[in-house]
Amino acid sequence: MTLSTEIATLPQQAGRERSRPARPLPVAAISTLTVAAILGLWSLASAYTLVSPVFLPSPRQVVLALYNLAVKGFVDATLAEHVGASLIRIFGALLASIAIGIPAGIAIGTSRVGRGILDPVVEFLRPLPPLAYLPLVIIWVGIGEASKITVIALSMLPSIILSTSAGVRSVSKDHVNAARSLGASKGQVLAEVVLPSAVPSILTGIRIALGAGWTTLVAAELVAASSGIGFMIQSAAQFLVTDIVIAGIVVIALIAILLEYLARQIERRLVPWASHR
Amino acid sequence: MTLSTEIATLPQQAGRERSRPARPLPVAAISTLTVAAILGLWSLASAYTLVSPVFLPSPRQVVLALYNLAVKGFVDATLAEHVGASLIRIFGALLASIAIGIPAGIAIGTSRVGRGILDPVVEFLRPLPPLAYLPLVIIWVGIGEASKITVIALSMLPSIILSTSAGVRSVSKDHVNAARSLGASKGQVLAEVVLPSAVPSILTGIRIALGAGWTTLVAAELVAASSGIGFMIQSAAQFLVTDIVIAGIVVIALIAILLEYLARQIERRLVPWASHR
Amino acid sequence: MSILTFRNVSLRYPQRAGNRPGGDVPVLEGIDLQIASDELVAVIGRSGAGKTSLLNLAAGFIAPTTGTIAVDGVPIQGPGADRAVVFQDDALYPWLNARDNVAFPLKLKGVPVAARRERADKLLEKVGLAEAGDRPIWELSGGMRQRVGIARALAAEPRFLLLDEPLGALDALTRSRMQEFILRIKAESGAGTILITHSIDEALLLGTRIIVLSPNPGRLSAEIEAGFSAEVLSGASVAAVKASPLFKRMHAGLTGLIHAAPDDEVAA
Amino acid sequence: MSILTFRNVSLRYPQRAGNRPGGDVPVLEGIDLQIASDELVAVIGRSGAGKTSLLNLAAGFIAPTTGTIAVDGVPIQGPGADRAVVFQDDALYPWLNARDNVAFPLKLKGVPVAARRERADKLLEKVGLAEAGDRPIWELSGGMRQRVGIARALAAEPRFLLLDEPLGALDALTRSRMQEFILRIKAESGAGTILITHSIDEALLLGTRIIVLSPNPGRLSAEIEAGFSAEVLSGASVAAVKASPLFKRMHAGLTGLIHAAPDDEVAA
Amino acid sequence: EDVTLNIGYQPIVEPSRVPQADGTYEKATGAKINWQKFDGGADVIAAIASGALDIGYVGSSPLAAAASRELPIETIFVVGLISEAEALAVRSIDTPEGLAGKKIATPFVSTAHYSLLTALKHWNVDPRSVEILNLRPPEIAAAWERGDIDGAYVWDPVLAELKKSGKVLATSADVAEWGGPTFDAWIVSRKFAEAHPDVVTAFVKVTGDATAAYRANPDAWNASSAEAEKIARLTGAKQDEVPALLKGYIFPTLEEQAGEALLGGGTVKAVADTSAFLLEQGKIPAALSDYSPYVSTRWVTDATKLAY
Ligand SMILES: Nc1ncnc2c1ncn2[C@@H]1O[C@H](COP(=O)(O)OP(=O)(O)OP(=O)(O)O)[C@@H](O)[C@H]1O
Ligand SMILES: Nc1ncnc2c1ncn2[C@@H]1O[C@H](COP(=O)(O)OP(=O)(O)OP(=O)(O)O)[C@@H](O)[C@H]1O
Ligand SMILES: [Mg+2]
Ligand SMILES: [Mg+2]
């Protein structure tokens with residue numbers, strides 16, 4: 001994902017820069033400009049009240065709401081508490097789905113029996129809408145933290161399972177054969193060759209899973225939550241406190257982007273070889 | 001994804017079958033057995049009322065509910081009408097997100113400006129919970145079909161954009177260079193080389209997007225729907241008609257599995273070369 | 001008669017992580033070279049000497065750091081249909097069958113379907129693959145794919161043909177047949193040809209001129225005219241040509257030239 | 001002294017789409033072969049003759065359709081540390097640095113970290129890469145990677161070394177140095193070696209015995225003893241050895257044997 | 001003139017489902033009507049504010065929230081005063097004091113939520129001593145089944161499910177007496193009301209007639225009646241539960257609407273009280289001094305005069 005074929009600029013990849021006099025803007029600068037432009041449009045839209053402020057508060061109002069959230073809180077908890085509660089759920093769910101999904105993905109990727117048993121289960125779980133199975137989750141795991149974590153984990157599981165099994169299957173046959181001819185047992189082949197090769201794919205799966213987890217946060221926090229970003233958004237939406245809804249959305253997006261950035265960094269540290277094979 | 005390294009059975013891949021006397025069970029048979037086992041457990045669980053029938057009706061009841069749904073319908077529409085309404089929304093959203101996502105993915109994958117502008121937008125949209133932005137969608141696009149399609153499309157877009165840009169970036173540099181030295185213009189390189197190479201990745205993205213679309217179906221049909229599987233499930237849940245809820249879940253899973261199967265077939269027909277590069 | 005000219009060309013890849021610190025690494029320096037369309041210039045040199053870089057410059061895939069590359073006096077502005085490349089690993093399009101791969105440059109030119117089909121079939125016949133038009137390329141053996149690649153390059157009717165180790169992974173027999181084939185194609189198409197090869201035998205047999213590239217940075221350390229290709233074309237047996245004292249002397253001389261270069265990695 | 005024995009081995013790949021209809025395609029038939037641990041058996045033959053298949057059988061990656069393959073009379077049950085393979089495209093683990101790649105077989109055996117580090121460094125020194133231990137393998141050149149692969153195979157202390165075209169993509173100089181290196185390693189380690197090569201020169205220079213595999217289905221069409229490797233090891237110059245009449249006669253003979261095989265794809 | 005009327009309804013068992021099923025509204029208003037189903041008042045209000053809806057069905061809590069945000073809406077008809085339909089059902093708790101330290105669930109921001117808080121205030125039970133959980137009705141049923149909660153303030157049919165193994169501590173009828181009435185109402189967007197007053201009047205008239213029909217003979221709407229069938233078909237409720245569900249509300253007739261107890265004064269006070277309460281709870285940023293602009297007797301008065 002880091003390699004890019006800049007079709008428009010291929011001839012400039014080496015040596016003298018033929019047709020471009022100035023150094024091009026870095027991608028980060030363009031992104032910053034984009035964000036600034038969006039904020040500008042938003043400010044204009046609310047300045048000229050193109051949309052009722054009840055439904056599109058100005059950026060200023062949202063920042064104010066964020067400040068109030070941080071200082072005074074909303075629905076009996078401060079922003080930090082809401083974020084903390086949600087982060088614990090997201091990471092709890094991530095741990096759970098890693099603990100279940102990686103072995104399941106390995107089973108699907110390495111054995112026909114594993115594939116036969118787990119493939120239909122995964123394909124069944126993948127499209128299920130969380131709102132539909134919420135009562136079933138409560139019946140089985142109750143209304144404690146477990147239920148929220150379960151709902152989030154169910155949305156994360158498929159991508160972790162699928163990316164693990166894809167990673168496992170893409171292991172080079174030569175790498176496996178080499179290990180076996182160097183004396184590796186089946187377990188050693190799995191631990192020393194198959195798993196390391198699958199790591200880049202698993203990391204990609206985890207990044208996708210994190211995104212999916214955030215999208216089910218509000219649904220998960222419909223269940224007997226008393227704090228959490230999703231709960232906060234939900235409560236605010238019911239009372240038309242739109243500035244808090246938007247502040248919540250912004251907070252989710254910022255955290256998710258931060259985590260994505262961290263994940264990409266970790267990926268670069270952990271598997272520098274992924275771009276070299 | 002079709003290539004599998006069966007570590008446990010590598011030595012048997014050719015010639016005489018060394019240690020295995022009988023032909024192994026095909027994967028499909030194992031899957032059928034798995035489904036049968038799950039149905040069996042479910043029957044037992046409801047026969048011994050391990051779970052109250054209000055929450056887990058027996059398979060027989062669900063089949064009966066399906067029959068009644070098909071013949072008499074529920075909340076003023078038959079099963080076929082509900083399924084039809086939802087399929088139109090899912091496919092409408094799919095078309096919309098293909099129409100937007102593929103060009104966006106190409107822009108991200110081929111140009112730094114495209115990446116600079118669109119990457120933050122995609123990363124912002126990816127984690128957003130549909131339940132959080134539902135009121136905003138109503139405000140901006142109203143309560144017609146457009147709002148439902150928008151909600152579903154928003155959940156589909158990221159995977160289509162990301163897989164398109166990944167596909168575009170993975171185009172072989174040699175393939176691009178070859179086309180250019182054979183006289184291709186920039187547009188021709190895009191149309192004749194970059195896009196065809198990205199097709200397998202785009203198809204994978206569409207499969208993932210379909211799964212994501214189904215998971216937001218209930219949320220999308222929370223608002224101002226008068227038919228649809230998600231609407232049906234939601235209405236039934238309000239009045240604790242659990243057999244219909246489960247029947248709806250089963251219908252969603254079956255349709256999704258069928259579509260996944262079709263997509264894999266299309267993939268095999270359309271890009272037979274994908275497994276040969 | 002077209003002429004491809006390198007004038008005082010040098011190339012540095014921009015500094016990257018892993019390269020030596022302290023500035024860009026010079027890869028090619030002071031390259032002056034002319035290739036006319038009746039020539040086949042064979043380029044030999046150690047691994048890492050800059051052979052592929054030279055070819056990429058000629059193709060226009062990369063721009064030189066200094067100097068100019070021109071065709072008939074007009075500086076090149078990037079890749080173009082006048083300089084077709086045959087890649088070492090074929091670079092055929094897997095989503096097209098053999099015929100459509102060959103017809104690809106014609107499609108780019110907007111030639112109608114029927115006409116390009118006919119032309120592609122003629123080219124496939126020329127490279128001995130008359131039957132293979134409808135086959136997906138992954139069913140073809142390495143040698144067959146290489147020939148499809150050459151047919152595709154010829155379909156572009158280039159003024160120059162740039163071949164990067166096109167016979168690298170073939171066994172002795174298949175390789176010698178492909179060598180004869182390249183000679184014939186070259187003679188027929190009249191395209192000026194640059195052939196990169198690891199084999200001194202091959203360079204001597206096919207080249208009208210042989211260029212030795214010495215590494216660190218890559219410079220033209222020798223240029224030798226050779227006439228063996230004319231002999232082979234006029235019917236002499238390859239074995240007889242190789243057995244001639246002149247061939248042996250030139251072989252020994254070129255081997256010495258390559259080995260003479262300063263040592264780098266292989267310290268064993 | 002160990003012995004690797006093929007007894008009446010044949011191999012058919014199961015019928016697949018794209019193969020000729022009417023049953024499995026025979027790839028190898030009636031192979032009888034013995035390799036002692038003081039031998040270096042060079043295998044030559046046309047592309048598709050079945051050389052790689054033969055090596056895969058010896059390695060235990062695939063099982064023969066009929067016949068047995070045994071080490072010292074014990075039929076092999078799959079791959080094992082007694083038969084280490086060096087792959088054409090090295091098959092090093094990119095997530096390990098050069099040293100850890102070499103130490104990999106020791107790790108499998110449970111050798112403690114310090115001991116395996118020491119042993120790996122010694123092996124790296126042997127293959128002339130004393131400095132490269134900490135480097136990620138993607139920073140190494142082709143020749144360096146090939147040597148790491150050989151060091152890794154040696155670390156397993158195999159009784160047999162199976163080499164599949166290990167020098168395929170190297171330039172002439174690097175290749176000749178690697179040839180000398182393989183000869184020395186073979187002599188030191190005392191492991192019986194199978195070397196697959198496209199080059200008749202290489203087979204003659206390195207092999208104590210040369211086997212010609214003829215295609216469709218693969219059979220042993222000739223087996224020739226050769227003593228040039230002993231000459232080279234005892235100090236004779238490679239150029240001199242190649243210039244000897246015996247070498248030339250054998251070279252011509254082997255070339256004839258390969259070319260004599262019935263024709264298939266290359267119809268140009 | 002061709003008028004299109006967008007109505008947002010909720011799947012509540014009440015008499016106006018019958019004219020909705022029969023197409024009576026279309027006939028009386030002469031408009032083309034799009035019926036849109038919603039599951040919560042907040043979405044109805046968002047839709048009205050965006051102009052997508054003209055008339056909508058909301059509970060008193062969302063109504064108070066919308067009015068406090070000064071959205072251009074008007075209450076035109078009080079559908080029903082919630083009485084037995086919503087109640088606090090508990091398990092192994094006998095007195096209000098016993099609620100302390102227990103887990104009580106309710107759908108937040110609903111009329112039930114408001115009633116629960118009002119009841120606690122009436123009993124002088126500190127809401128903070130009770131663990132109040134936010135759950136939607138189907139999830140309340142599941143949590144009750146599992147024994148995860150000790151009680152819930154919720155509506156039918158989940159309430160009926162809870163009553164099977166629990167007892168009722170208070171109903172909304174009780175809470176109304178304690179000064180916290182809750183109700184459901186039809187509201188209209190002012191813009192539409194100004195443009196098409198006759199349509200709104202006709203709408204109110206039909207709704208009033210349906211209520212009157214039910215009030216005239218409630219027992220005729222039994223489980224096997226055509227009315228019950230129509231209500232069940234539109235809402236998804238089980239047909240044999242419809243009569244019981246209807247009994248949970250007090251449906252005022254058209255004549256009673258304009259009275260002092262309802263649109264004529266009581267409703268404004270109820271909305272103001274609810275808003276004050278929400279403000280105290282920190283749910284809305286500010287309350288208004290006067291809520292009378294959001295309630296109008298004009299439509300019920302006009303409708304009474306209307307005759308076919
Ligand atoms: N994209 C690049 N960035 C930086 N350095 C490069 C790049 N491509 C090649 N080089 C360096 O330039 C030098 C010449 O490389 P080039 O590929 O032209 O060699 P070559 O003669 O074709 O070698 P070979 O026979 O191994 O193919 C090498 O030292 C190589 O490391
Ligand atoms: N997995 C396989 N399934 C079916 N046929 C195969 C398979 N692997 C090899 N073959 C066939 O077996 C024959 C021998 O292949 P092999 O790879 O052993 O040849 P080789 O002598 O190593 O050729 P080369 O010199 O090109 O590497 C070929 O005709 C090939 O098409
Ligand atoms: Mg090169
Ligand atoms: Mg081979």
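To find a chain, count down the sequence lines: A is the first, B the second, and so on, and within it residues start at 1.
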Is chain B contacted by the side chain of A/Ala237, its backbone, both, or neither, given a heavy-atom distance below 4.5 Å? side chain
Interface moiety of A/Leu128 toward chain B, non-hydrogen atoms closer than 4.5 Å: both
Would you name the heavy atoms of B/Val218 and A/Pro129 that are closest together and state the gap between them? CG2-CB, 3.5 Å
Is there a donor-acceptor contact under 3.5 Å from the side chain of A/Ser165 to the main chain of A/Ile108? no
Output the residues of residues 27-36 of chain B for which the shortest heavy-atom distance to chain A is under 4.5 Å, in residue-number order; output 'none' if no such residue exists. B/Val27, B/Ile30, B/Ser31, B/Thr34, B/Val35
Output the distance between atom CD1 (A/Ile152) and atom CG (A/Leu94), rounded to the nearest 0.5 Å. 10.5 Å
Chain A shares the most heavy-atom pairs under 4.5 Å, among B/Ile252, B/Ile249, B/Leu217, with B/Ile249
List for me each residue that meets side-chain contact (heavy atoms from CB on, under 4.5 Å) alongside B/Ala107, sequence neighbours excluded, and say none if there are none. B/Leu118
Checking heavy atoms, do the side chain of A/Ile233, its backbone, both or neither come under 4.5 Å from chain B? side chain
Just grab all the side chain to side chain donor-acceptor pair (under 3.5 Å) pairs involving residues 209-223 of chain B, residues at least two apart or on different chains. B/Ser86-B/Glu221, B/Arg89-B/Glu221, B/Ser155-B/Thr216
Is the backbone N or O of A/Gly228 less than 3.5 Å from a side-chain atom of A/His82, with the two atoms forming a donor-acceptor pair by type? yes
Could you tell me whether the side chain of B/Ser159 and the main chain of B/Met156 form a donor-acceptor pair under 3.5 Å? yes
Does the A/Gln188 side chain pair with the main chain of A/Ser185, one donor and one acceptor, at a distance under 3.5 Å? yes
Go through the atoms of A/Ile139 and report whether side chain, backbone, both or neither lie under 4.5 Å from a heavy atom of chain B. side chain
Where does A/Ile38 contact chain B at under 4.5 Å (heavy atoms): side chain, backbone, both or neither? side chain
Interface moiety of B/Val121 toward chain A, non-hydrogen atoms closer than 4.5 Å: side chain
Engaged part of A/Leu56 at the chain B interface, taking heavy atoms whose separation is under 4.5 Å: side chain
Taking only residues two or more places apart in sequence, or in another chain, which ones meet B/Glu123 in a salt bridge (Lys or Arg N to Asp or Glu O under 4.0 Å)? A/Arg264, B/Arg126
Relative to chain B, which of A/Pro130, A/Ala132, A/Ala256 shows the most heavy atom pairs under 4.5 Å? A/Ala132
Checking A/Val113 against chain B: side chain, backbone, both or neither under 4.5 Å from a heavy atom? both
Testing the basics here: between A/Pro57 and A/Ile246, what is the closest heavy-atom pair and its distance to 0.1 Å? CD-CD1, 3.8 Å
Pairwise distance OG1(A/Thr204) to CD1(A/Ile160) - rounded to 0.5 angstrom: 11.5 Å
Sort B/Leu125 into side chain, backbone, both or neither according to what part of it lies under 4.5 angstrom from a heavy atom of chain A. neither
